[in-house]
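For the numbers below, each heavy atom of this structure counts, side chains included, while hydrogens, waters and symmetry mates do not. Just so you know, ligand 1 is whichever comes first in the structure, and atom 1 is the first atom listed for that ligand.
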Amino acid sequence: NNTEDREWRGVPLSSLPCLSADNLNVPDVVPSPDHAVLVRLPVSPGTVPLPHPSSHSDTWDQCHVRMPCSPKSQYPKNKDMVVPRWSVITEALSRKINSVEDLERAVLEYNSRYISKWKFRGLHHLLEQEFEEEERACFFNKTLPVMVQLALSLPDLVTRPPPLLLQGTTHSVTLSQMQIASLLANAFFCTFPRRNAKGNDTEYARYPDINFNRLFFHKEQRSLEKIKCLLHYFQRVTTKPPTGTVTFTRQAVLPRDVPKWEASRQSLPSLHVSSAGLIEEATGLLQVDFANKYLGGGVLGLGCVQEEIRFVLCPELIISRLFTQVLDKTDALIITGCEQFSRASGYSSSFRWEGPHEDKTPMDQWGRRLCQAYAGFKVIEGSGGIPTGVATGNWGCGAFKGNPRLKALIQLAVCGHIGRDLAYFTFGDQQLRDDLFTMYIFLKENNVTVGELTQALNHHGYRGWSDGSDLFQYVCHSLGGSYDSDTDQELSKDSADVRVK
Ligand code: AR6
């Protein structure tokens with residue numbers, strides 16, 4: 001069909017290499033000092049993986065998640081007596097919970113320091129005012145009791161604490177979806193110790209929040225919609241246990257391994273640029289998370305943009321917050337295998353939960369869905385197959401107020417350097433789609449390398465051309481094109497017509 005009528009430019013999306021049974025561009029799941037596999041291998045398709053080791057083995061130190069069920073987690077019952085905190089948790093959650101007040105009371109029994117601080121106003125509003133009586137009854141009588149069981153099965157399901165993914169290290173953790181569900185149920189009941197205290201000198205100051213108390217506080221509609229996504233997730237995993245696994249890989253690039261971008265002689269990748277479609281719809285590509293350095297950003301607060309929305313549609317992503325120390329500039333987190341449970345519409349304040357999503361993405365032999373969410377583009381060592389294309393968009397250009405034209409060219413250069421194709425979703429912006437495509441044609445026709453493009457971008461920065469509106473014009477000019485600044489008429493040296501923006 002006619003290019004002008006299409007919502008996309010460049011190569012068709014289907015031509016980009018993607019994850020599939022024929023292209024397993026993911027590393028194998030092999031236990032090693034750098035890969036903690038908490039399930040027993042091999043896993044058999046369609047059955048819930050068994051935990052590994054088979055009986056509980058506790059570790060309570062600074063390199064592992066401090067588990068709520070560890071006997072070392074103590075709680076001052078009164079002035080004179082300290083008891084295992086897990087026994088207080090078990091007792092509090094084993095009583096029948098009929099209302100949000102009951103839930104709040106139970107949670108505060110083992111978080112008594114926060115009695116005057118935590119208020120589950122949002123959860124109250126949703127369950128007691130927005131939900132129909134039937135939905136409310138279903139939650140308190142059916143879903144919640146099974147969620148309690150799921151949370152209290154933690155010592156049987158997660159038989160050793162996951163290691164912390166520390167800054168500067170390359171390390172993976174593989175968990176079953178059911179183990180994640182149990183950990184998330186604990187986050188829902190706010191059982192994780194040492195994760196509530198604030199302040200720079202606290203043990204977990206450099207980790208994201210994990211207990212859900214903050215999410216339950218907010219009454220804004222977008223927060224209630226996020227809670228709906230999470231309640232739907234719990235309803236699903238408590239009625240039909242998921243059978244897959246998920247691998248979380250923290251990948252650190254050492255300073256000496258950071259590419260010399262300006263010297264790169266790689267050519268630019270193939271480009272698909274579209275004003276329609278969303279990153280998460282690009283099945284099989286590496287789906288970029290516009291991440292906060294505290295992974296998940298405001299997912300458990302008021303945040304409701306790309307990252308937070310992705311995290312509530314695929315709640316297993318949230319568990320990365322339990323063990324991922326704040327990301328550094330050259331760190332990436334790669335999550336392979338998560339499932340999407342919900343559908344949604346809108347964005348930010350118009351975000352709405354729209355109902356269940358059946359995720360049909362196929363799995364690999366370890367039960368991981370062939371879906372990867374990336375906060376970084378590097379190919380993981382040990383991955384077979386052809387590097388899959390990257391699905392991305394206006395990274396850094398919403399909450400972080402960056403310039404989409406600059407961010408698009410940076411991502412184009414990075415993909416070129418590492419040999420991945422690029423699918424760029426402009427989130428409805430047709431002008432950006434057309435400008436980017438025209439710029440790309442100019443770069444390709446002039447055989448501009450990654451290094452030359454990077455030099456032009458860096459030079460632009462040094463010269464203080466910072467408002468960005470003239471970036472493509474500048475890049476074109478500095479790479480040998482010419483333009484007439486009076487008429488805004490842009491001509492490349494090979495007379496490609498670059499529309500000026
Ligand atoms: N698919 C394609 N493009 C999208 C999508 C999507 N699903 N969602 C949004 N966009 P933003 P940032 C486009 O603001 O500036 C969070 O709190 C849309 O044009 O999420 O990097 C994180 O935790 C949007 O304006 O990314 C961080 O703290 C643009 O992408 C912070 O925000 C940028 O989306 C990151 O902010």
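- Taking the six-membered ring where the residue is Trp, F234 and F212 present tilted rings, their angle falling between 30° and 60°.
- Judged purely by atom type and a 3.5 angstrom limit, K226 uses its side chain to pair as donor or acceptor with the backbone of G301.
- Of the listed options D429, N394, L432, N394 places a heavy atom closest to atom 19 (O) of ligand 1.
- The shortest N or O to N or O distance between G296 and ligand 1 is not under 3.5 Å.
- Protein heavy atom nearest atom 25 (O) of ligand 1, with residue, atom name and distance: G398 CA, 3.6 Å.
- For the residue pair H125 / R121, no side-chain donor-acceptor distance below 3.5 Å is found, with atom types taken as modelled.
- From the protein, the heavy atom lying nearest to atom 16 (C) of ligand 1 is E308 OE2, 3.3 Å.
- Residue contacts with ligand 1: I279 is placed with a nitrogen or oxygen under 3.5 Å of a nitrogen or oxygen of the ligand (distance criterion only).
- For atom 11 (P) of ligand 1, the candidate residues are W395, F425, Y347; the nearest heavy-atom contact is made by Y347.
- Interatomic distance, CG of L19 versus CG of L285, reported as 8.0 Å (0.5 Å rounding).
- Residue G396 places at least one N or O, backbone or side chain, under 3.5 Å from an N or O of ligand 1.
- Of the listed residues (K293, Q167, Q251, R250), just one forms a side-chain hydrogen bond (donor to acceptor under 3.5 Å, both in side chains) with D331, and that residue is R250.
- Under a 4.0 Å heavy-atom criterion, G393 is not in contact with ligand 1.
- The protein heavy-atom contact nearest to atom 22 (C) of ligand 1 is E307 OE1, 3.2 Å.
- Every atom of ligand 1 is numbered from 1 in the order shown, and the set under 4.0 Å from a heavy atom of N292 is 22 (C), 23 (O), 27 (C), 28 (O).
- Both tests pass for R195 against the ring of Y204: distance under 6.0 Å to the centre and angle within 45° of the axis.
- When only interatomic distances are considered, the shortest N/O to N/O separation between T426 and ligand 1 does not fall below 3.5 Å.
- Ranking the protein heavy atoms by distance from atom 14 (O) of ligand 1 puts A399 N, 2.8 Å first.
- Taking the ring centre of F472 as origin, the terminal cationic atom of R405 falls inside the region bounded by 6.0 Å and 45° from the ring axis.
- Of the polar atoms of Q306, at least one N or O is found under 3.5 Å from an N or O of ligand 1, judged by distance alone.
- With hydrogens and angles left out, the side-chain atoms of N394 and Y424 include a donor and acceptor closer than 3.5 Å.
- Contact atoms of ligand 1 toward G297: 23 (O) (distance under 4.0 Å to a heavy atom of the residue).
- Considering backbone and side-chain N/O of F290, none are found under 3.5 Å from N/O of ligand 1.
- Remark: minimum distance from atom 18 (C) of ligand 1 to any protein heavy atom is reached at F427 CD2, 3.2 Å.
- By the criterion of a heavy-atom distance under 4.0 Å, the backbone of C397, and not its side chain, is placed next to ligand 1.
- Here the side chain of D470 pairs no donor or acceptor atom with the backbone of Y474 at under 3.5 angstrom.
- By the neighbour-count criterion of 12 heavy atoms within 6.0 Å, atom NZ of K198 is densely surrounded, having more than that number from other residues, nucleotides or ligands.
- If you look at E280 next to ligand 1, the close heavy atoms, those under 4.0 Å, all belong to the side chain.
- Summary of contacts: the protein heavy atom closest to atom 27 (C) of ligand 1 is F400 CZ, 3.6 Å.
- For the residue pair T361 / D359, a side-chain donor-acceptor distance below 3.5 Å is found, with atom types taken as modelled.
- For ligand 1, the polar-atom distance check finds no N/O of L278 at less than 3.5 Å from any of the ligand's N/O atoms.
- Aromatic ring orientation, F323 versus F248: perpendicular (interplanar angle above 60°, classes split at 30° and 60°).
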